[in-house]
Amino acid sequence: MLSMDPRGFPTSLPEFQRVFPDETACEVYLERLRWPNGFVCPKCSWQGEPHRFSKRSSVVLRCRDCHSNISLMADTVMQGSHALLCRWFWGAYLVTTNTPGMSALQFQRQLGITRYETAFQMFHKLRSSMIRPDRDTIGGQYPVEVDETYVGGRTRGEGRGVHHKATVVGSVEVRRRRDDEDRVARGRREHDGGKPLKRPTYGGRLRLRVVPDRQGHTLEKFVVESVTRGSEVRTDGWQGYDNLVNIGYRHQPIVMDGDPERAEEHLPMIHLVFSNLKTWLRGTHHGVSQRHLQAYLNEYVFRFNRRFYPTTAFNSVLGLAAHSVAPTYDALYSGAWVHPNQ
Ligand SMILES: [Zn+2]
């Protein structure tokens, strides 16, 4: 019996490897994703069982009517690669679900890949879609917390006051859990007059950016590009945010009185994000140079924003997002779908 989370995704690499043990299992998945209702020739629209054969770096389906060849790996990150499909699949699982992230060397060891160059190229290709920034704006119906922090930088051996820390600004949606709203309502009834319950909120979508400074126009530009106009924006009392109300945001600043607990209460979500981000950067990468920091921020954001959608993250790094049909892992697990060749 496989243990999976409620979203139907394996919860560990060994479980994942049992779902995708070999090339056939991966080919079935790719074909199923692309043609959930059976093969349809993209050239002549013929439907039915195609011929299947393997080429050096792809599996090819040939239409029985017009004899067109269609590569299963075309338009994916696996195109042109000689590495085994299941290695790609296992690698995609690792980079999207391993919370602390990993280095190319760890990646190579985990997958048992002999050549470092092969592992490095796979790792790089799988990461490339993670480090492309999400472009749409967040907020709207959800309030957004915005704050800045300092990241990284080695100060050892340098004079006092000299630091190479990068300034990072972030915005995150504050969402409420629906089931928790019900629980809170129950709790209020049951504990009427008692101490207030903790607010059952969680982080929605996130955006992070390296910025040169904390000046008003810098922070404003980030908010305009990452937060939907008209959204409620919560910040601390820093003057750099003073103009937000004039450019169409419902600005909710907190007046800082030197009490850090008040800021914690006002901006709990973005502070939690910053804290986890720093732990991840320190723990996995032993600090990151400023030149590469934005790529790591994007990777962090990619995982954060898809943490409830592991299947989406997995398909996305393999370049399968374009074929947007939801995969049916259940059918694959249960064996309900039989490969036509079997
Ligand atoms: Zn055809």
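Both counts, for ligands and for their atoms, begin at 1 and track the order of listing. Source: prediction; values computed, not measured. Residues take their numbers from the sequence shown, with the count starting at 1.
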Hey, does the Lys NZ or Arg CZ of Arg127 hover above the aromatic six-ring of Tyr296, less than 6.0 Å from the centre and inside 45° of the axis? yes
Has Arg32 got its NZ or CZ under 6.0 Å from the middle of the six-membered ring of Tyr29, at an angle within 45 degrees of the ring axis? no
When His251, Glu220, His217 are each screened for side-chain hydrogen bond (donor to acceptor under 3.5 Å, both in side chains) with Asn243, the one that passes is Glu220
Ring centres under 6.0 angstrom apart (Phe314, Phe16): yes
Filter on side chain to side chain donor-acceptor pair (under 3.5 Å), then keep only pairs touching residues 83-92, sequence neighbours left out; what's left? Ser81-Trp88
Would Arg209 pass as a cation-pi partner of Phe222, given that its NZ or CZ must be under 6.0 Å from the six-membered ring centre and within 45 degrees of the axis? no
Output, by chain and residue number, all protein N/O/S atoms separated from the Zn ion (ligand 1) by less than 2.8 Å. Cys41 SG, Cys44 SG, Cys63 SG, Cys66 SG
